[in-house]
Amino acid sequence: MTNRDQMDLYRKRVETVASTINDRIGGASPETALILGSGLGELAREVQDPISISYGELPGFPSSTAPGHSGTLHIGRLGSQTVLVFEGRFHIYEGYDPLDIAMPTRVAARLGVQNFLVTNAAGGINLDLQLGDLLILEDHINLMGANPLTGANIDDWGPRFPDMSSPYCPVQRRRLLEIAQEEQIGARSGVYAAVAGPNLETPAEYRMLRTLGADVVGMSTVPEAIVAAHEGLKMTGISVVTDLCDPENLQPVSVEEILKVAGTAEPKLTKMVVRLLEE
Ligand code: HPA
């Protein structure tokens, strides 16, 4: 099979998933899509009058296996918008192809979504960050060794060489920082470094990430941001700092602790996102 054949098959899968969702939601046109990060699924409970579809009911859509990810799509109202909420995302460390990881973003774009917002759990590289703080993404560094645009380009979806000079919407970022200040929520903007995982980093790796200019590190979000840029969507990313990555004083950390901190910080995140979508 040529690269072009492979991409034509992928395009058909994306279009089939989009039309399956469209049939279920009866032509409601979502404006914003959200992908919720590890342990950050509670925001989905805020969706009003949701239609919920398990990923397993969407032929051609990957299924979610990571801890803290349920694998359900919710469509309904959040704030003043009709939203698609993907509760559960796909990661490189699970063995998914970058094209699978991009599938929610591609499907959202086919359904006419203009805004894309993702949340994630991340390690705090910038030592000014505290557990449970929020980092509003301003930029990223892709260290995953993978890219969701690898393969033949689908020109109808976006350009072969997309511009990445402003990968995250500055207007939404500024607004989120204002909301955080009004709500007295600890938040700043910064740089997300994406690694493949699944292991957390060594002290030398955390030192390297700080030298590279990263404020936080995680295992997601960047594939979605690259596809959002390709599709011309407005992208917003919010990290919850779930562990502190001080190379000189590194404490062992487990995924249970990461999910626990994510769960504790979640109400702040929910408040910020709901307020943003009300405007
Ligand atoms: N490193 C990578 N990914 C993560 C981390 C981390 O320290 N914390 C949460 N996700």
Side-chain angles (χ1 to χ4, degrees), residues 34-43 64-70 86-96 98 101 117-148 167-168 186-226 236-270:
L34 296 92
I35 300 187
L36 307 182
S38 304
L40 298 170
E42 278 305 302
L43 184 52
S64 187
T65 65
H69 287 264
S70 96
F86 293 91
E87 186 181 2
R89 67 147 65 84
F90 312 109
H91 305 83
I92 293 276
Y93 65 74
E94 295 172 90
Y96 286 111
I101 295 169
L117 191 153
V118 307
T119 64
N120 61 60
I125 300 285
N126 180 332
L127 298 180
D128 293 335
L129 289 165
Q130 296 178 7
L131 279 187
D133 277 358
L134 305 182
L135 187 108
I136 318 299
L137 273 60
E138 182 172 356
D139 204 342
H140 71 227
I141 304 172
N142 183 10
L143 298 172
M144 287 182 149
N147 192 303
Y168 298 90
R188 62 171 64 215
S189 62
V191 176
Y192 177 97
V195 294
N199 57 284
L200 301 183
E201 288 68 37
T202 67
E205 287 167 339
Y206 285 132
R207 214 174 282 123
M208 171 192 77
L209 290 166
R210 193 166 58 183
T211 304
L212 291 179
D215 293 290
V216 295
V217 56
M219 305 173 194
S220 68
T221 300
V222 162
E224 290 94 337
I226 291 171
T236 302
I238 310 177
S239 293
V240 175
V241 175
T242 54
D243 51 295
L244 300 179
C245 310
D246 179 358
E248 314 319 322
N249 179 32
L250 193 59
Q251 307 300 319
V253 63
S254 66
V255 71
E256 289 76 20
E257 289 168 284
I258 286 176
L259 294 179
K260 187 163 163 241
V261 176
T264 308
E266 176 149 44
K268 299 192 278 193
L269 184 67
T270 298

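Just so you know, ligand 1 is whichever comes first in the structure, and atom 1 is the first atom listed for that ligand. Given the structure is predicted, the values throughout are model-derived calculations rather than measurements.
Between Thr119 and Ile35, the closest side-chain pair of non-hydrogen atoms is not below 4.5 Å. Between Glu205 and Leu200, the closest side-chain pair of non-hydrogen atoms is not below 4.5 Å. By the 4.5 Å heavy-atom criterion applied to side chains, Leu244 and Tyr206 are not counted as neighbours. At least one side-chain heavy atom of Asn126 sits less than 4.5 Å from a side-chain heavy atom of Arg188. Under the 4.5 Å side-chain criterion, counting only non-hydrogen atoms from C-beta, Asn120 is not in contact with Val216. Side-chain contact between His140 and Thr221 is absent, with no heavy-atom pair separated by less than 4.5 Å. Side-chain atoms of Glu201 and Met208, non-hydrogen and from C-beta on, never get closer than 4.5 Å to each other.
Val217 O, 3.6 Å is the protein heavy atom nearest to atom 4 (C) of ligand 1. Counting protein heavy atoms only, atom 8 (N) of ligand 1 is closest to Asp243 OD1, 2.6 Å. From the protein, the heavy atom lying nearest to atom 10 (N) of ligand 1 is Ala121 O, 3.5 Å. Among all protein heavy atoms, the one lying closest to atom 1 (N) of ligand 1 is Glu201 OE1, 2.6 Å. Given atom 5 (C) of ligand 1, the protein heavy atom at minimum distance is Gly123 N, 3.4 Å.
With no hydrogens or angles considered, a side-chain donor-acceptor pair links Glu257 and Ser254 at under 3.5 Å.
Of the heavy atoms in Ala122, only backbone atoms (N, CA, C, O) come closer than 4.0 Å to ligand 1.
The contact set between ligand 1 and Met219, taken as ligand atoms under 4.0 Å from a residue heavy atom, comprises 2 (C), 3 (N). If you number the atoms of ligand 1 from 1 as listed, the ones under 4.0 Å from a heavy atom of Tyr206 come out as 1 (N), 6 (C), 7 (O). Close approach to Cys245 involves these atoms of ligand 1, each under 4.0 Å from a residue heavy atom: 7 (O). If you number the atoms of ligand 1 from 1 as listed, the ones under 4.0 Å from a heavy atom of Thr242 come out as 8 (N), 9 (C).
Considering backbone and side-chain N/O atoms, Leu200 never comes within less than 3.5 Å of an N/O atom of ligand 1.
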